Amino acid sequence: MVMKLFFCFNPYDFGSIIQLQQYRVVEMKLLAQQRDLQAKIPDIEKCLDIVSTLQAKKESGEALVTDFELSEGIYSRARIEDTESVCLWLGANVMLQYSCEEATALLQTNLENAKASLEVLVADLQFLRDQVTITQVTTARVYNWDVHQRRLRQATTPKES
């Protein structure tokens with residue numbers, strides 16, 4: 001006895017559709033994290049440059065003249081002489097004072113961590129996109145196979161006139 005297995009594509013089985021939606025939600029979260037990291041990396045690099053400039057000016061003995069923003073659109077000129085420490089804004093209304101060496105070490109660590117996180121995030125996004133493609137292709141193949149099977153069944157059933 002030969003047993004035939006019929007797979008019927010059920011348009012009401014939303015398993016793969018739900019899976020695709022879940023992939024899209026995860027993709028949106030990962031893309032938001034990627035945007036945040038891509039914005040954070042230049043800020044960290046800028047802070048590193050500023051701290052190194054302060055250290056260079058301190059070692060040469062000359063003062064650093066700079067403009068800084070007091071409030072939106074209002075700037076003031078400042079003369080910074082022999083600084084021993086810098087204040088770093090850590091976020092969440094937290095600012096800490098560090099020596100220039102500690103600040104450089106902390107910023108360098110943060111930069112390395114951000115770049116590593118970005119690499120992992122890009123790999124995760126690529127994997128997720130591959131999974132979306134596989135799910136879409138699989139769904140299309142199952143649907144096409146079901147259409148083909150229905151046509152075969154329709155062609156083999158006797159037509160009543």
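Just so you know, these numbers come straight off a predicted model, no measurement behind them. Numbering of residues begins at 1 and proceeds along the displayed sequence.
- Annotation for Cys100 and Val51: closest pair O-CG1, 3.7 Å, computed over non-hydrogen atoms.
- A distance of 12.5 Å separates CG in Leu64 from CD in Gln55, rounded to the nearest 0.5 Å.
- Taking each heavy atom of Arg77 and Phe68 in turn, the nearest pair found is C-CE2, 4.5 Å.
- Taking CG from Leu111 and NZ from Lys40, the interatomic distance works out to 11.0 Å, rounded to the nearest 0.5 Å.
- The main-chain N or O of Thr109 is never found under 3.5 Å from a side-chain atom of Glu112 such that the two would form a donor-acceptor pair.
- Taking 4.5 Å as the limit, every side-chain heavy atom of Tyr75 sits out of range of all side-chain heavy atoms of Leu70.
- In this structure, Asp146 contributes its side chain and Val142 its backbone to no donor-acceptor pair below 3.5 Å.
- Heavy-atom minimum distance, Ala63 versus Lys57: O-CD, 4.4 Å.
- Cluster membership check: Leu90 shares its hydrophobic cluster with Ile44, using side-chain heavy-atom separations under 4.5 Å among Ile, Leu, Val, Met, Phe, Trp and Tyr.
- Annotation: side chain of Gln34 is in contact with side chain of Gln38 (closest heavy-atom distance under 4.5 Å).
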Query raised in the report: What's the verdict on side-chain contact (heavy atoms from CB on, under 4.5 Å) for Arg129 and Val132, showing C-alpha distance, side-chain angles and the deciding distance?
Result: CA-CA 5 Å; Arg129 288 182 181 132; Val132 166; 5.6 Å; no
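- For the side chain to side chain contact (heavy atoms under 4.5 Å, CB included) with Leu88, the lone residue among Val94, Leu107, Asn110, Leu96 that qualifies is Leu107.
- Side-chain N or O atoms of Ser71 include none that pairs as donor or acceptor with a backbone N or O of Ile74 at under 3.5 Å.
- Ion pairing of Lys58 with Glu84 is present here, as a side-chain N (NZ or NE/NH1/NH2) and a carboxylate O approach within less than 4.0 Å.
- Within the model, atoms CD of Glu119 and CG of Leu37 stand 11.0 Å from one another, a figure rounded to the nearest 0.5 Å.
- The structure places CE of Met95 at 6.0 Å from SG of Cys87, a figure rounded to the nearest 0.5 Å.
- The distance from the CZ atom of Arg141 to the NE2 atom of His148 is 15.0 Å, given to the nearest 0.5 Å.
- Nearest heavy atom pair, residue Ala103 against residue Val86, reads CB-CG2, 3.5 Å.
- Environment of CD in Glu69: crowded, with over 12 heavy atoms of neighbouring residues, nucleotides or ligands closer than 6.0 Å.
- Nearest heavy atoms, Thr104 versus Leu48: O-CD2, 3.8 Å.
- Using a 4.5 Å cut-off on side-chain heavy atoms (C-beta onward), Gln22 and Val26 make no contact.
- For the pair Gln19 and Tyr23, the minimum side-chain heavy-atom distance is below 4.5 Å.
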Query raised in the report: When you look at Lys29 and Glu27, which way does the salt bridge (charged side-chain N to carboxylate O under 4.0 Å, His left out) test go after all the steps?
Result: CA-CA 5 Å; Lys29 289 179 184 178; Glu27 183 181 26; over 6 Å; no
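- We find the NZ-OG distance between Lys115 and Ser117 to be 12.5 Å, quoted to the nearest 0.5 Å.
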